[in-house]
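Written out below as structure tokens is the structure these notes cover.
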Amino acid sequence: MTTPAAPRPRWIDFLPAISLALVVAGLIWTGGGYSGQVKDNTRRIEQLESDARTDAKTRTEMLQQLDLRLARIEVKLEMMAPEKDKAP
């Protein structure tokens, strides 16, 4: 008397479909990670560009204020120093 072989488990028939589903899920998860990283990098780049524009405006304003201050100092010095054209 031979014992009959044990029947094959049913889930083995679905193994290729399960494997495909896991691979697709992994690809989607990885793609989402890359997408999030791209969004984060884009946000950082935009912030750096905004800071650079703000710094350029601030630098221009500081130079204009410095020019005004130097002009006032020059006027004061001209008023304090005697003119060289008037010789006695």
**Prompt:** How long is the span from the CG atom in Leu68 to the CG atom in Leu63, to the nearest 0.5 Å?
**Reply:** 11.0 Å

**Message:** Count I, L, V, M, F, W, Y as connected when their side-chain heavy atoms are under 4.5 Å apart, and connections chain through other members. Are Leu27 and Leu20 then in the same cluster?
**Reply:** no

**Prompt:** Would Asp55 and Arg59 pass as an ion pair if we require N to O under 4.0 Å?
**Reply:** no

**Message:** I need the Thr54 OG1 to Gln47 CD distance, nearest 0.5 Å.
**Reply:** 8.5 Å

**Exam field: side chain Ser35 to backbone Gly31, donor-acceptor pair closer than 3.5 Å** = no

**Item:** Distance (rounded to the nearest 0.5 Å) between Thr42 OG1 and Arg44 CZ
**Value:** 11.0 Å

**Prompt:** About how many Å separate CG of Leu77 and CZ of Arg72, when rounded to the nearest 0.5 Å?
**Reply:** 13.5 Å

**Item:** Spacing of Arg53 atom CZ and Leu48 atom CG [to the nearest 0.5 Å]
**Value:** 11.0 Å

